[in-house]
Asks: 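Sharing a structure below in structure tokens format, with a few things to ask.
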Amino acid sequence: MRSFHGQLSDNQPIRRTLEEKQKQLRDLKETLASMKSHTAPALRESVRKRIAQLEAEVSAAPALKTAAGAARAPRAADAPRRRQSRIRSDLTG
């Protein structure tokens, strides 16, 4: 059975909100703290790597939101309105 575009099995990254990322970060830190001494080093390293990624994303998220919001607001207000095409204006009135 083939997947359709946008289906979860499309091997696409799952997009998470900032709150979801923070929750995942807390969970991973708890997981790392509760690992036994005989846990495989590769597993410990992969959890540490994911924690580092999430910390970087969470710390960069507020800065990205303010920069993107500030950059978008003036452009939208200053943009001139587009004229209707000649064909549409002939049909409507």
Asks: To the nearest 0.5 Å, how far apart are NZ in K29 and CD in Q24?
Replies: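 Rounded to the nearest 0.5 Å, the NZ-CD separation comes out at 12.5 Å.
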Asks: Return the minimal non-hydrogen interatomic distance between I51 and L32, and the atom names on each side.
Replies: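 Answer, listing the atom of I51 first, then L32: CD1-CD2, 4.0 Å.
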Asks: Would you mind writing out the side-chain donor-acceptor pairs for residues 37-45 within the sub-3.5 Å range, not counting sequence neighbours?
Replies:
from, atom 1, to, atom 2, distance (Å)
T39, OG1, K36, N, 3.2
T39, OG1, K36, O, 2.9
R44, NH2, K36, O, 2.4

Asks: Testing the basics here: between R16 and K21, what is the closest heavy-atom pair and its distance to 0.1 Å?
Replies: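 Where R16 meets K21 most closely, the heavy atoms are O-CE, 3.6 Å.
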Asks: So, taking the atom named CZ in R50 and the one named OG1 in T31, what distance separates them when rounded to the nearest 0.5 Å?
Replies: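 These two atoms lie 12.5 Å from each other.
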Asks: R15 vs E20, test: salt bridge (Lys or Arg N to Asp or Glu O under 4.0 Å). Steps then yes/no.
Replies: CA-CA 10 Å; R15 289 173 175 75; E20 291 171 335; over 6 Å; no
Asks: I need the L25 CG to E30 CD distance, nearest 0.5 Å.
Replies: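 It is 10.5 Å, given to the nearest 0.5 Å.
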Asks: Between M35 and V47, does a side-chain contact (heavy atoms from CB on, under 4.5 Å) hold up when you go through it step by step?
Replies: CA-CA 10 Å; M35 283 185 178; V47 171; 3.6 Å; yes
Asks: What distance do L28 atom CG and K23 atom NZ have between them, rounded to the nearest 0.5 Å?
Replies: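 The distance works out to 10.0 Å.
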